[in-house]
Number of protein chains: 2
Amino acid sequence: MTAAVAETIDAFHRGLFYVVQPKGRGHRSGMDAMLLSALVDDDRPIRVADLGAGAGAAGLAVASRLPAAEVVLFERSQEMAGYARRSVLLPENDRMAARVTVVEADVTLKARLRKDAGLVDESFHHVIMNPPFNDAGDRRTPDALKAEAHAMTEGLFESWVRTAGAIMIPGGQLSLIARPESIAEIIDACGRRFGGIEVTAIHPRDGENAVRVLVTAVKGSRARLSLRAPLVMHEEGTHKFSSLVDDLNNGRAAYARR
Amino acid sequence: MTAAVAETIDAFHRGLFYVVQPKGRGHRSGMDAMLLSALVDDDRPIRVADLGAGAGAAGLAVASRLPAAEVVLFERSQEMAGYARRSVLLPENDRMAARVTVVEADVTLKARLRKDAGLVDESFHHVIMNPPFNDAGDRRTPDALKAEAHAMTEGLFESWVRTAGAIMIPGGQLSLIARPESIAEIIDACGRRFGGIEVTAIHPRDGENAVRVLVTAVKGSRARLSLRAPLVMHEEGTHKFSSLVDDLNNGRAAYARR
């Protein structure tokens with residue numbers, strides 16, 4: 001047997017763009033990346049940083065929906081950055097390839113090293129992130145590439161949000177998707193850098209616990225946190241997505257701040 | 001004009017018990033206290049501490065709904081503790097008067113002073129609290145009694161939750177109601193003392209931001225936080241409470257942990 005690297009080319013936004021992803025290993029993007037990208041609601045010519053971009057699904061989704069957006073995909077793993085570059089270069093993604101750049105960089109770098117890695121101070125209007133997570137309770141994943149994507153380090157949000165605050169213009173918007181149990185760590189990381197935090201819980205169905213939270217915040221804002229009406233993914237008694245969730249997932253709508 | 005202290009005697013749980021409260025000054029209890037009391041879902045002979053009990057509405061609501069519960073109302077303000085004592089002694093509250101005690105004590109005391117004030121280590125099964133809050137943004141309240149009830153001090157949750165953790169048996173339950181913007185401070189205060197945190201947002205109506213959060217946690221638990229399905233107070237297009245909220249508000253149901 002020859003050692004073949006299995007991969008797939010997956011359609012998002014009902015075929016409006018595609019992403020090359022490793023198959024059976026590494027983090028595979030899906031709905032989380034699409035919901036994250038929906039948080040960027042800005043038609044102006046903006047610069048958007050996707051921190052920990054993986055194969056590029058969330059950042060490409062922003063570039064696909066917002067024709068004036070330039071997107072930089074920052075990814076630490078050489079291998080995943082390679083997938084991101086190949087994703088950008090797919091012929092199917094031609095209309096946005098000129099607006100999307102891939103930078104291999106560790107988003108937890110500080111000061112001069114961060115700047116040298118391309119994470120330049122006050123150079124983005126939006127920063128999006130879907131930080132890796134893992135549980136002490138989960139079985140150790142045997143897959144090193146996936147383990148890297150899912151490794152939840154102590155202080156992870158602190159270091160990622162610090163970088164987001166640094167590279168964003170005043171008034172810029174941070175957007176992220178995470179698990180509900182991370183909510184205090186996220187708010188603490190926002191600290192005095194960000195205000196106007198808006199949290200939206202995502203529940204699979206009415207009456208069920210949330211499985212994700214969407215969080216946005218504005219650099220330098222003093223407004224207080226709000227806990228918005230939740231999103232319920234599935235309509236009562238069906239496997240279909242609710243129409244709003246389906247629109248967000250397929251790039252037909254943005255999830256605007258209040 | 002003589003200086004008369006205006007007060008009212010208010011019915012709760014549709015007349016099942018009453019509370020004497022100052023009128024036009026001080027903190028007046030209402031729905032928050034009733035929702036808080038609904039978090040205690042325990043038919044055993046339990047001891048319940050109400051920290052910062054004010055005139056006693058939440059603690060009396062627990063005693064009213066749970067006939068095996070003994071309740072101690074801890075209140076720092078001499079004047080409010082006086083209202084609490086008079087509430088307990090109302091003839092209408094006769095059936096629970098023997099199970100409710102009022103203790104004038106500052107719940108932020110530590111160590112020996114705390115114990116001497118009656119806040120004895122590992123002596124309660126449940127601790128409930130509706131900690132005071134105020135905004136820098138709100139107009140200063142001209143009423144000293146109300147100001148005391150609403151004063152949000154830096155580290156308030158930390159000191160209140162520390163006391164709750166100390167006076168509760170292992171496996172005991174903390175229950176509180178607070179504003180959404182306090183969520184990170186509450187979770188941080190729970191720290192390693194409490195786990196299995198369950199957060200429920202309360203929204204006035206579908207689509208509106210939450211105005212309160214209900215939080216429960218278990219002393220010594222290692223379970224992770226869950227964000228439960230929200231409670232929506234008002235049914236679509238009416239001023240009526242939803243039937244669950246009405247039941248919680250009127251002592252006809254408890255809001256059980258999952």
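What you see below is based on every heavy atom in this structure, not just the backbone, and it leaves out hydrogens, waters and symmetry mates. Naming convention: chains lettered A, B, ... in sequence-line order (proteins, then strands); numbering from 1 in each chain. Note that the coordinates shown come from a computational prediction; the quantities given were computed from them, not determined experimentally.
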query = chain A: which of B:D206, B:V232, B:I187 shares the most heavy-atom pairs with it under 4.5 Å?
reply = B:I187
inquiry  = Out of B:I186, B:N209, B:L225, return the one with the most heavy atom pairs under 4.5 angstrom to chain A.
reply    = B:N209
note = With chain A, the option among B:E208, B:R228, B:R222 that has the most non-hydrogen atom pairs under 4.5 Å is B:R228
Salt bridge flag under 4.0 Å for residues B:E185 and B:R179 = no
inquiry  = To the nearest 0.5 Å, what is the distance between CD1 on A:I128 and CG on A:L51?
reply    = 8.5 Å
message = If you define the side chain from C-beta out and look only at heavy atoms, does anything of B:F157 sit under 4.5 Å from B:P131?
response = yes
ask   = Which residues from residues 236-258 of chain B are near chain A, with near meaning under 4.5 Å between non-hydrogen atoms?
value = B:R258
ask   = Which residues in residues 195-205 of chain A have any heavy atom lying under 4.5 Å from a heavy atom of chain B?
value = A:A201, A:H203
request  = Go through B:M31 and B:R212 one step at a time and tell me if the side chain to side chain contact (heavy atoms under 4.5 Å, CB included) criterion holds.
outcome  = CA-CA 11 Å; B:M31 188 141 182; B:R212 293 287 184 276; over 6 Å; no
Proximity breakdown for B:V213 and chain A, heavy-atom pairs closer than 4.5 Å = side chain
note = Rounded to the nearest 0.5 Å, the CG atom of B:D41 sits from the CG atom of B:L66 at a distance of 8.0 Å
key: For the student: nearest non-hydrogen atoms of A:I46 and A:H126, plus distance   = CD1-CD2, 3.8 Å
message = A quick test of your reading: do over 12 heavy atoms of other residues, nucleotides or ligands sit less than 6.0 Å from CG of A:D43?
response = no
ask   = Does B:G171 offer a backbone N or O that forms a donor-acceptor pair with the side chain of B:K219 under 3.5 Å?
value = no
request  = Please check if the side chain of B:S37 supplies one atom and the backbone of B:M34 the other of a donor-acceptor pair under 3.5 Å.
outcome  = yes
query = If only atom types and distance count, is the side chain of A:T163 paired as donor or acceptor with the main-chain N or O of A:W160 below 3.5 Å?
reply = no
ask   = How about B:M168 and B:S123: do any of their side-chain heavy atoms sit closer than 4.5 Å?
value = no
